[in-house]
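Numbering of residues begins at 1 and proceeds along the displayed sequence.
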Amino acid sequence: MPQLAATSTRLSDDFLDARIAFLEDEAIMEADFSGLHFTGSRAVNRFYDRIEERIAETGEDKWFFLVNYSDNRIDPEAWIAFARRGRALNLAYSMGTVRFDVSEVTRAQIERSAGTENFDANLLPDRESALARLKTFQSTRQRKIVHQPSHTPEEIRRRISFRPDAVVMEVDFSDFTFANARDVDDVYDHIEDRIRETDRKWFFLVNYENCRIEPAAWVRYASRGKRLNLAASLGSVRYAPGSETEADIRLRSESQDFEPNIRNTREEALERIAEMRAEAEA
(Lines give C-alpha, C1' and ligand atoms only; values in the text may rest on other atoms or scores of the structure.)
Protein backbone atom coordinates (compact mmCIF):
# COMPACT_ATOMS: atom_id res chain seq x y z
CA MET A 1 0.00 0.00 0.00
CA PRO A 2 1.48 3.40 -0.96
CA GLN A 3 1.89 5.74 1.95
CA LEU A 4 -0.11 8.98 2.11
CA ALA A 5 1.58 11.95 3.73
CA ALA A 6 -0.82 12.84 6.54
CA THR A 7 -1.32 16.61 6.58
CA SER A 8 -4.08 18.41 8.45
CA THR A 9 -5.50 19.77 5.17
CA ARG A 10 -5.94 16.23 3.82
CA LEU A 11 -7.50 14.88 7.01
CA SER A 12 -11.09 16.04 6.49
CA ASP A 13 -13.86 14.78 8.75
CA ASP A 14 -15.08 12.47 5.95
CA PHE A 15 -11.59 11.06 5.42
CA LEU A 16 -11.11 10.43 9.13
CA ASP A 17 -14.61 9.08 9.71
CA ALA A 18 -13.90 6.37 7.15
CA ARG A 19 -10.99 5.32 9.38
CA ILE A 20 -12.85 5.36 12.69
CA ALA A 21 -15.43 2.62 13.23
CA PHE A 22 -17.48 1.38 16.17
CA LEU A 23 -18.41 -2.29 16.55
CA GLU A 24 -21.27 -1.74 18.96
CA ASP A 25 -21.95 -5.37 19.88
CA GLU A 26 -18.32 -5.97 20.81
CA ALA A 27 -17.82 -2.49 22.36
CA ILE A 28 -14.85 -1.96 20.03
CA MET A 29 -13.59 1.30 18.54
CA GLU A 30 -11.38 0.62 15.53
CA ALA A 31 -8.85 3.22 14.39
CA ASP A 32 -7.16 2.75 11.02
CA PHE A 33 -3.76 4.44 10.69
CA SER A 34 -2.78 2.21 7.77
CA GLY A 35 -0.83 3.77 4.93
CA LEU A 36 -0.47 7.13 6.67
CA HIS A 37 2.86 8.89 7.07
CA PHE A 38 2.79 11.37 9.96
CA THR A 39 5.56 13.89 9.35
CA GLY A 40 4.54 16.37 12.07
CA SER A 41 2.36 16.86 15.12
CA ARG A 42 -0.41 18.93 13.50
CA ALA A 43 -1.88 15.99 11.56
CA VAL A 44 -1.49 13.73 14.60
CA ASN A 45 -3.55 16.14 16.69
CA ARG A 46 -6.16 16.41 13.94
CA PHE A 47 -6.64 12.61 13.87
CA TYR A 48 -6.87 12.31 17.64
CA ASP A 49 -9.25 15.27 17.88
CA ARG A 50 -11.63 13.45 15.55
CA ILE A 51 -11.38 10.17 17.47
CA GLU A 52 -12.28 12.01 20.68
CA GLU A 53 -15.20 13.76 18.99
CA ARG A 54 -16.56 10.50 17.57
CA ILE A 55 -16.29 8.74 20.95
CA ALA A 56 -18.10 11.65 22.62
CA GLU A 57 -20.90 11.34 20.06
CA THR A 58 -21.52 7.70 21.05
CA GLY A 59 -22.43 8.65 24.62
CA GLU A 60 -20.30 5.75 25.87
CA ASP A 61 -17.16 6.48 27.87
CA LYS A 62 -15.48 3.07 27.57
CA TRP A 63 -14.44 1.06 24.50
CA PHE A 64 -11.97 -1.63 23.56
CA PHE A 65 -9.49 -0.16 21.06
CA LEU A 66 -8.41 -2.01 17.91
CA VAL A 67 -5.67 -0.13 16.06
CA ASN A 68 -4.39 -0.85 12.53
CA TYR A 69 -0.77 0.25 11.95
CA SER A 70 -0.29 -1.45 8.57
CA ASP A 71 2.26 0.51 6.47
CA ASN A 72 2.07 3.35 9.00
CA ARG A 73 5.05 5.63 9.56
CA ILE A 74 5.55 8.17 12.33
CA ASP A 75 8.49 10.53 11.96
CA PRO A 76 10.45 11.63 15.04
CA GLU A 77 8.92 15.12 14.74
CA ALA A 78 5.46 13.59 15.17
CA TRP A 79 6.20 10.89 17.72
CA ILE A 80 5.96 12.94 20.94
CA ALA A 81 2.50 14.21 19.98
CA PHE A 82 1.44 10.74 18.82
CA ALA A 83 2.52 9.08 22.06
CA ARG A 84 1.09 11.83 24.29
CA ARG A 85 -2.31 11.99 22.58
CA GLY A 86 -2.55 8.20 22.37
CA ARG A 87 -1.77 7.80 26.05
CA ALA A 88 -4.37 10.42 27.01
CA LEU A 89 -6.99 8.74 24.81
CA ASN A 90 -6.30 5.35 26.35
CA LEU A 91 -6.45 6.68 29.91
CA ALA A 92 -9.77 8.38 29.26
CA TYR A 93 -11.67 5.81 27.18
CA SER A 94 -9.94 2.46 26.72
CA MET A 95 -10.89 -0.80 28.45
CA GLY A 96 -7.97 -2.43 26.64
CA THR A 97 -6.01 -1.72 23.45
CA VAL A 98 -4.58 -4.10 20.85
CA ARG A 99 -2.47 -2.97 17.91
CA PHE A 100 -1.79 -5.01 14.79
CA ASP A 101 0.32 -5.21 11.62
CA VAL A 102 2.97 -2.93 13.09
CA SER A 103 6.14 -2.11 11.12
CA GLU A 104 9.49 -2.77 12.78
CA VAL A 105 10.24 0.95 13.22
CA THR A 106 6.83 1.75 14.74
CA ARG A 107 6.98 -1.46 16.80
CA ALA A 108 10.26 -0.29 18.33
CA GLN A 109 8.81 3.16 19.10
CA ILE A 110 5.71 1.68 20.75
CA GLU A 111 7.72 -0.86 22.74
CA ARG A 112 10.03 1.89 24.00
CA SER A 113 6.98 3.86 25.16
CA ALA A 114 5.50 0.74 26.70
CA GLY A 115 8.70 0.23 28.64
CA THR A 116 8.85 3.78 29.96
CA GLU A 117 5.15 4.61 30.46
CA ASN A 118 3.98 1.38 32.08
CA PHE A 119 1.47 0.03 29.58
CA ASP A 120 1.17 -3.26 27.68
CA ALA A 121 1.93 -2.61 24.00
CA ASN A 122 -0.25 -5.57 22.88
CA LEU A 123 1.26 -5.84 19.38
CA LEU A 124 -0.24 -8.57 17.17
CA PRO A 125 0.56 -9.56 13.56
CA ASP A 126 -2.94 -9.29 12.06
CA ARG A 127 -6.52 -8.15 12.67
CA GLU A 128 -7.88 -11.62 13.38
CA SER A 129 -5.43 -12.31 16.20
CA ALA A 130 -5.94 -8.77 17.53
CA LEU A 131 -9.71 -9.29 17.67
CA ALA A 132 -9.21 -12.64 19.39
CA ARG A 133 -7.00 -10.97 21.98
CA LEU A 134 -9.58 -8.23 22.61
CA LYS A 135 -12.25 -10.86 23.24
CA THR A 136 -10.24 -12.12 26.21
CA PHE A 137 -10.52 -8.73 27.94
CA GLN A 138 -13.18 -8.02 30.52
CA SER A 139 -15.54 -5.11 30.00
CA THR A 140 -15.47 -2.44 32.70
CA ARG A 141 -18.47 -0.55 31.38
CA GLN A 142 -20.93 0.55 34.02
CA ARG A 143 -24.29 2.23 33.99
CA LYS A 144 -23.94 5.80 32.84
CA ILE A 145 -22.38 7.74 35.67
CA VAL A 146 -23.94 10.99 36.80
CA HIS A 147 -20.95 12.93 38.06
CA GLN A 148 -21.27 14.98 41.19
CA PRO A 149 -19.86 18.53 41.04
CA SER A 150 -16.23 18.80 42.10
CA HIS A 151 -16.42 22.55 42.75
CA THR A 152 -19.05 24.69 44.47
CA PRO A 153 -20.69 27.66 42.72
CA GLU A 154 -19.04 29.93 45.30
CA GLU A 155 -15.58 28.62 44.44
CA ILE A 156 -16.17 29.08 40.72
CA ARG A 157 -17.52 32.61 41.26
CA ARG A 158 -14.41 33.60 43.24
CA ARG A 159 -12.25 32.58 40.31
CA ILE A 160 -13.92 34.91 37.78
CA SER A 161 -13.37 38.66 37.89
CA PHE A 162 -13.86 41.61 35.54
CA ARG A 163 -11.70 44.71 35.00
CA PRO A 164 -13.87 47.12 32.97
CA ASP A 165 -11.08 49.71 32.75
CA ALA A 166 -8.85 47.25 30.90
CA VAL A 167 -11.73 45.36 29.20
CA VAL A 168 -10.37 42.16 30.79
CA MET A 169 -12.17 39.14 32.20
CA GLU A 170 -9.73 37.24 34.41
CA VAL A 171 -10.13 33.51 35.05
CA ASP A 172 -8.10 31.82 37.78
CA PHE A 173 -7.70 28.09 37.12
CA SER A 174 -4.62 27.79 39.35
CA ASP A 175 -4.58 24.57 41.41
CA PHE A 176 -7.91 23.67 39.80
CA THR A 177 -8.84 20.25 38.37
CA PHE A 178 -11.35 19.49 35.63
CA ALA A 179 -12.01 15.84 36.37
CA ASN A 180 -14.82 15.27 33.88
CA ALA A 181 -17.30 16.93 31.53
CA ARG A 182 -19.57 17.90 34.43
CA ASP A 183 -16.82 20.10 35.89
CA VAL A 184 -16.30 21.76 32.50
CA ASP A 185 -19.99 22.52 32.07
CA ASP A 186 -20.32 23.89 35.59
CA VAL A 187 -17.48 26.34 35.01
CA TYR A 188 -18.40 27.41 31.50
CA ASP A 189 -22.11 27.77 32.30
CA HIS A 190 -21.11 30.16 35.09
CA ILE A 191 -18.71 32.14 32.90
CA GLU A 192 -21.26 32.47 30.12
CA ASP A 193 -23.92 33.68 32.57
CA ARG A 194 -21.56 36.26 34.05
CA ILE A 195 -20.52 37.56 30.62
CA ARG A 196 -24.14 37.71 29.48
CA GLU A 197 -24.88 40.02 32.40
CA THR A 198 -22.21 42.46 31.17
CA ASP A 199 -23.65 42.55 27.63
CA ARG A 200 -20.25 42.96 25.99
CA LYS A 201 -17.11 41.11 24.83
CA TRP A 202 -13.86 40.94 26.82
CA PHE A 203 -10.19 40.12 26.53
CA PHE A 204 -9.67 36.85 28.40
CA LEU A 205 -6.76 36.47 30.85
CA VAL A 206 -6.45 32.88 32.09
CA ASN A 207 -4.18 31.52 34.83
CA TYR A 208 -3.38 27.84 34.25
CA GLU A 209 -0.71 27.46 36.91
CA ASN A 210 -0.96 23.91 38.36
CA CYS A 211 -4.26 23.41 36.54
CA ARG A 212 -5.16 19.85 35.55
CA ILE A 213 -7.52 18.92 32.74
CA GLU A 214 -8.00 15.17 32.93
CA PRO A 215 -8.29 13.20 29.67
CA ALA A 216 -11.99 12.55 30.30
CA ALA A 217 -12.63 16.31 30.38
CA TRP A 218 -10.62 17.43 27.34
CA VAL A 219 -13.23 16.96 24.60
CA ARG A 220 -15.85 19.00 26.45
CA TYR A 221 -13.24 21.53 27.56
CA ALA A 222 -12.05 22.16 24.02
CA SER A 223 -15.62 22.43 22.71
CA ARG A 224 -16.87 24.80 25.41
CA GLY A 225 -13.71 26.93 25.26
CA LYS A 226 -13.96 27.33 21.49
CA ARG A 227 -17.64 28.28 21.74
CA LEU A 228 -16.98 30.86 24.45
CA ASN A 229 -14.09 32.43 22.57
CA LEU A 230 -16.10 32.77 19.37
CA ALA A 231 -19.05 34.30 21.19
CA ALA A 232 -17.48 36.60 23.76
CA SER A 233 -13.70 37.01 23.42
CA LEU A 234 -11.81 39.94 21.95
CA GLY A 235 -8.66 37.85 22.37
CA SER A 236 -7.33 35.37 24.89
CA VAL A 237 -3.97 35.17 26.65
CA ARG A 238 -2.98 32.37 28.99
CA TYR A 239 -0.14 32.00 31.45
CA ALA A 240 1.09 28.70 32.79
CA PRO A 241 4.80 28.35 33.50
CA GLY A 242 5.88 24.88 32.40
CA SER A 243 2.65 23.05 33.25
CA GLU A 244 1.37 19.82 31.70
CA THR A 245 -1.76 21.72 30.72
CA GLU A 246 0.36 24.21 28.79
CA ALA A 247 1.87 21.37 26.76
CA ASP A 248 -1.58 19.95 26.01
CA ILE A 249 -2.94 23.34 24.96
CA ARG A 250 -0.02 23.91 22.62
CA LEU A 251 -0.52 20.49 21.03
CA ARG A 252 -4.25 20.91 20.53
CA SER A 253 -3.95 24.45 19.19
CA GLU A 254 -2.03 23.08 16.18
CA SER A 255 -5.05 21.23 14.81
CA GLN A 256 -7.79 23.56 16.03
CA ASP A 257 -6.49 26.73 14.37
CA PHE A 258 -6.09 29.06 17.32
CA GLU A 259 -3.13 30.98 18.69
CA PRO A 260 -2.52 29.70 22.23
CA ASN A 261 -0.93 33.00 23.39
CA ILE A 262 0.74 31.41 26.41
CA ARG A 263 3.08 33.51 28.54
CA ASN A 264 5.16 32.65 31.59
CA THR A 265 3.78 35.28 33.97
CA ARG A 266 0.66 37.32 34.58
CA GLU A 267 2.60 40.51 33.84
CA GLU A 268 3.69 39.22 30.44
CA ALA A 269 0.12 38.10 29.71
CA LEU A 270 -1.23 41.55 30.59
CA GLU A 271 1.37 43.15 28.33
CA ARG A 272 0.20 40.96 25.46
CA ILE A 273 -3.42 41.93 26.09
CA ALA A 274 -2.42 45.60 26.06
CA GLU A 275 -0.77 45.03 22.68
CA MET A 276 -3.86 43.27 21.34
CA ARG A 277 -6.10 46.06 22.59
CA ALA A 278 -3.89 48.71 20.96
CA GLU A 279 -3.94 46.77 17.69
CA ALA A 280 -7.73 46.51 17.81
CA GLU A 281 -8.16 50.22 18.50
CA ALA A 282 -5.66 51.34 15.84
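Across all their heavy atoms, A179 and A216 have their closest contact at O-CB, 4.1 Å. The two residues N68 and F100 come nearest to each other via the heavy atoms CB-CZ, 3.4 Å. When all heavy atoms of L66 and A130 are compared, the pair lying nearest together is CD1-CB, 3.5 Å. Closest approach of N229 to R238, counting heavy atoms only: ND2-NH2, 4.4 Å. Heavy atoms only, all atoms of each residue included: N90 and G86 are closest at ND2-O, 2.8 Å. Considering all non-hydrogen atoms of both residues, D185 and R224 come closest at OD1-NH1, 2.8 Å.
A salt bridge is absent between E170 and R159; no separation between the charged side-chain nitrogens and carboxylate oxygens falls under 4.0 Å. Under the 4.0 Å criterion applied to side-chain N and carboxylate O atoms, D49 and R85 are assigned as salt-bridge partners. In summary, R19 and D17 do not engage in a salt bridge, as defined by a charged side-chain N under 4.0 Å from a carboxylate O. Using a cut-off of 4.0 Å between Lys/Arg side-chain N and Asp/Glu carboxylate O, E214 and R212 are scored as salt-bridged. Ion pairing between a basic and an acidic side chain is recognised when a charged N comes within 4.0 Å of a carboxylate O; R272 and E268 show no such pairing. One finds no salt bridge joining R263 and E271 here, because no Lys/Arg side-chain nitrogen approaches an Asp/Glu carboxylate oxygen to under 4.0 Å. Ion pairing between R158 and E154 fails under the 4.0 Å rule for side-chain N and carboxylate O. Between K135 and E26, none of the side-chain N atoms (NZ, or NE/NH1/NH2) sits under 4.0 Å from a carboxylate O, so this pair counts as no salt bridge.
Between the side chain of R141 and the backbone N or O of K62, at least one donor-acceptor pair lies under 3.5 Å. Of the possible polar contacts, none joining the H190 side chain to the I160 backbone as a donor-acceptor pair under 3.5 Å is found. For the pair D186 (side chain) and D189 (backbone), a donor-acceptor distance under 3.5 Å is absent.
Counting heavy atoms from C-beta outward, V67 and E30 have side chains that stay 4.5 Å or more apart. Within the 4.5 Å cutoff, the side chain of D71 has no heavy atoms near those of the S34 side chain. Here the side chains of R127 and D101 are not in contact, with every heavy-atom distance at 4.5 Å or above. Residues F162 and R194 meet the side-chain proximity criterion, which asks for heavy atoms closer than 4.5 Å. The shortest side-chain heavy-atom distance between V167 and K201 does not fall under the 4.5 Å cut-off. You'll find the side chain of I20 reaches within 4.5 Å of the side chain of F47, heavy atoms only. The closest side-chain heavy-atom distance from F64 to F137 is below 4.5 Å. The shortest distance between side-chain heavy atoms of L124 and R99 does not fall below 4.5 Å.
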Assess the residue pair F178 and F173 against the criterion (ring-ring contact (aromatic ring centres under 6.0 Å, His included)); give the C-alpha distance rounded to whole Å, side-chain angles, the decisive distance to 0.1 Å, and a yes or no. CA-CA 9 Å; F178 292 91; F173 287 148; 5.1 Å; yes

Walk me through it: do S12 and D14 pass the test side-chain hydrogen bond (donor to acceptor under 3.5 Å, both in side chains)? CA-CA 5 Å; S12 66; D14 288 343; 5.4 Å; no

Go through R182 and Q148 one step at a time and tell me if the side-chain contact (heavy atoms from CB on, under 4.5 Å) criterion holds. CA-CA 8 Å; R182 167 65 186 268; Q148 297 301 309; 5.6 Å; no

As a quick check of understanding, evaluate side-chain contact (heavy atoms from CB on, under 4.5 Å) for M276 and L234, giving each step before the final call. CA-CA 9 Å; M276 295 165 69; L234 296 169; over 6 Å; no

How far apart are the C-alpha atoms of M169 and S161, what are their side-chain angles, what is the distance that settles it, and do they pass the side-chain contact (heavy atoms from CB on, under 4.5 Å) test? CA-CA 6 Å; M169 179 193 72; S161 60; over 6 Å; no

Is there a side-chain contact (heavy atoms from CB on, under 4.5 Å) between M95 and Q138 once you walk through the steps? CA-CA 8 Å; M95 297 186 290; Q138 293 296 312; over 6 Å; no

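Here the rule is side chain to side chain contact (heavy atoms under 4.5 Å, CB included) with I55, and of V219, D61, L89 only L89 fits it. Of the candidates W218, F38, F82, Y48 forms a ring-ring contact (aromatic ring centres under 6.0 Å, His included) with just one, namely F82. Screening Y93, W63, F65 against F22 for a ring-ring contact (aromatic ring centres under 6.0 Å, His included) leaves a single residue, W63.
Atom CG of D75 is separated from atom OG1 of T39 by 6.0 Å, given to the nearest 0.5 angstrom. For the atom pair CD1 of I156 and OG of S150, the computed distance is 9.5 Å after rounding to the nearest 0.5 Å. Residue R133 holds its CZ atom at 11.0 Å from OG1 of T97, rounded to the nearest 0.5 Å. The line from OG of S129 to CG of L134 is 10.0 Å long, rounded to the nearest 0.5 Å. Once rounded to the nearest 0.5 Å, the distance linking CG of N207 with OG of S174 reads 4.5 Å. To the nearest 0.5 Å, the span separating CG on L36 from CZ on R73 amounts to 13.0 Å.
Hydrophobic cluster membership differs between L91 and I213, with clusters built from Ile, Leu, Val, Met, Phe, Trp and Tyr side chains linked at under 4.5 angstrom. A single hydrophobic cluster is not seen to contain both I51 and I80; linkage of ILVMFWY side chains at heavy-atom distances under 4.5 Å, directly or through other members, places them apart.
Annotation: cation-pi geometry satisfied between R200 and W202 (NZ/CZ under 6.0 angstrom from ring centroid, within 45° of ring axis). For the pair R84 and W79, the cation-pi criterion (under 6.0 Å, within 45° of the ring axis) is not fulfilled.
Shown here is D165, whose CG atom has more than 12 heavy atoms of other residues, nucleotides or ligands within 6.0 Å.
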